[in-house]
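A quick write-up on the structure given underneath.
Start at 1 and go down the list; that is how both ligands and their atoms are numbered.
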Amino acid sequence: MKLALTQLNLSHFRSHIGAKLTLDGRPVAIHGSNGAGKTNILEAVSLFSPGRGLRRASAAEIARRPEALGWKLRGDLQSPGRAHEVETWSEGGAARQVRIDGKMASQVALGRIARVLWLIPAMDRLWIEGADGRRRFLDRIALSFDPDHAEAALAYDKAMRERNRLLRDQVRDPAWYGALETQMARAGHRIHGGRVAALEYLSAAQARAETAFPTAELELQQSEGEMPGSEEDLRAALSESRFRDLAAGRALVGPHRTDLYGVYAAKGVPARDCSTGEQKALLVSLILANARALAEQIGAAPILLLDEVAAHLDASRRAALYDEICAIGSQAWMTGTGPELFAELGDRAQTVEVTEAGGVSSVTMT
Ligand SMILES: Nc1ncnc2c1ncn2[C@@H]1O[C@H](COP(=O)(O)OP(=O)(O)OP(=O)(O)O)[C@@H](O)[C@H]1O
Ligand SMILES: [Mg+2]
């Protein structure tokens, strides 16, 4: 079983005025020149999961320019046992709305019916750049296993922002802090638990898999000290840290200070010291492990979005990737500048060509 879009309509979505794709669940190989509108299609699919999608764009940025009135996506999502009609849109730059089977729904509800994982070129520097990106990567993985992870993250950020405001205003009254720290501890403990569980699932999936991609050993690290082990310990740590936090103007303990540390297991080399191609291979390995673990847990392979994934891989690694995707059974949406990048897939994939003229993208299914 797999999760798959069987129909996708884009309306006034970035460079696409109106595009319709009919899919049959096989991987989707999208080719076209630079700027044709390929990544825009992957971004559209990414919005079938909670959040801002793979470019982390605001609803306003996505609206097709110059009209900038709004945009809409409609998709038929096949999930085990049933199909859902999903619509998501934004009007006049307002926050995006979601409707599932004709009823207004939350993004958390969307996360319960769709699981979408992605790898995009901006993530090539994930191991080298700041901890933010790695935390986001980790939280997307945790969210894929537990759709409620997003709720905990929002609750934590909200309470932390309010507490940071108190710190900056140099408020010293303990009563103001207590309630926010209780909220941060509750949400923070859930976030940490979700991350720990996600790493366990990935590690088990990597250990079981026969794969051409290198195993990544992952570990959570705090920027200082240890992550408190229980909700009560986290609450106490936040309370104890108040004085230091006042000086810093922000919270110095908690899951927002966690980093994801990766090692290329076979070589014992930290991911950040690996070659460009090796770093990419580690990410591919992790996304495949995530897909395998999910397929086992929810009984359906997730949708994968692999933007320009073929570009960095030599022909044999590419063939291995395609074989593994087909074995997992995911509807993997992949992009590349030319059809030859997908030759090894043959008729195991559907092919989509995207062209652009006068700022308008067109889609042809072949
Ligand atoms: N809101 C918008 N309205 C109209 N066009 C937009 C909007 N946002 C982005 N575009 C345009 O969409 C075009 C296609 O972008 P996209 O990233 O999908 O290209 P691509 O096919 O993935 O190209 P590449 O091979 O270079 O990655 C770009 O030329 C960009 O300027
Ligand atoms: Mg692109």
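Of all protein heavy atoms, the one lying nearest to atom 2 (C) of ligand 1 is R14 CA, 3.6 Å. Nearest non-hydrogen protein atom to atom 3 (N) of ligand 1 is R65 N, 2.8 Å. Nearest protein neighbour of atom 11 (C) of ligand 1, counting heavy atoms only, is S15 CB, 4.1 Å. Closest protein heavy atom to atom 14 (C) of ligand 1: G35 O, 3.2 Å.
The count of protein N, O or S atoms under 2.8 Å from the Mg ion (ligand 2) stands at 1, with waters excluded from the count.
If you check the side chains of R168 and Q170, you find no donor sitting under 3.5 Å from an acceptor. For the residue pair H149 / D139, a side-chain donor-acceptor distance below 3.5 Å is found, with atom types taken as modelled. Between the side chains of H312 and D124, at least one donor N or O sits under 3.5 Å from an acceptor N or O. Residues Q97 and S90 have side chains that never bring a donor and an acceptor to within less than 3.5 angstrom of each other.
Nearest to atom 20 (P) of ligand 1 by heavy-atom distance, out of E356, K38, E67, is K38. The closest heavy-atom contact to atom 24 (P) of ligand 1, among the options D307, T335, T337, N34, comes from N34.
The neighbour count for Q221 CD, taken as heavy atoms of other residues, nucleotides or ligands under 6.0 Å away, is above 12. The number of heavy-atom neighbours closer than 6.0 Å to CD of E226, taken from other residues, nucleotides and ligands shown, is 12 or below.
Polar contact check, R64 against ligand 1: no nitrogen or oxygen pair lies under 3.5 Å apart. Considering backbone and side-chain atoms alike, A36 places an N or O below 3.5 Å from some N or O of ligand 1. Of the N or O atoms in G32, none lie within a sub-3.5 Å distance of an N or O in ligand 1.
Salt bridge K103/E85: absent, no basic N to carboxylate O contact under 4.0 Å. A salt bridge is absent between D259 and R135; no separation between the charged side-chain nitrogens and carboxylate oxygens falls under 4.0 Å. Ion pairing of K158 with E162 is present here, as a side-chain N (NZ or NE/NH1/NH2) and a carboxylate O approach within less than 4.0 Å.
Near A63, the atoms of ligand 1 lying under 4.0 angstrom from a non-hydrogen atom of the residue are 1 (N), 2 (C), 3 (N). Each of the following atoms of ligand 1 lies closer than 4.0 Å to a heavy atom of E308: 27 (O). Atoms of ligand 1 lying under 4.0 Å from at least one heavy atom of N40, given by number and element, are 12 (O), 13 (C), 14 (C), 15 (O), 16 (P), 17 (O), 18 (O). Close approach to E61 involves these atoms of ligand 1, each under 4.0 Å from a residue heavy atom: 1 (N). In summary, the atoms of ligand 1 found under 4.0 Å from a heavy atom of T39, numbered by their order in the structure, are 17 (O), 18 (O), 20 (P), 22 (O), 27 (O).
The backbone N or O of M184 lies less than 3.5 Å from no partner atom in the side chain of R235, so there is not a single donor-acceptor pair. R190 places no side-chain N or O within 3.5 Å of a backbone atom of R186 that could act as its donor or acceptor partner. Within the 3.5 Å criterion, the main-chain N or O of E344 finds a donor-acceptor partner in the side chain of R348.
In this structure, atom 31 (O) of ligand 1 has no protein heavy-atom contact shorter than 4.0 Å.
Only backbone heavy atoms of I62 (N, CA, C or O) come within less than 4.0 Å of ligand 1; its side chain stays farther off. Under 4.0 Å from ligand 1, the heavy atoms of R55 that appear belong solely to its side chain.
S79 is linked by a side chain to side chain contact (heavy atoms under 4.5 Å, CB included) to L3, R82, H84, counting only residues two or more places apart in sequence or in another chain. Taking Q297 as the reference, F145, Y201 meet the side chain to side chain contact (heavy atoms under 4.5 Å, CB included) condition, with sequence neighbours excluded. Annotation: side chain to side chain contact (heavy atoms under 4.5 Å, CB included) contacts of D245 (sequence neighbours excluded): R163, L167, S241, A251, L252.
Every heavy atom of H16 sits 4.0 Å or more from the atoms of ligand 1. In this structure, S33 counts as a contact residue of ligand 1, since one of its heavy atoms falls inside 4.0 Å of the ligand.
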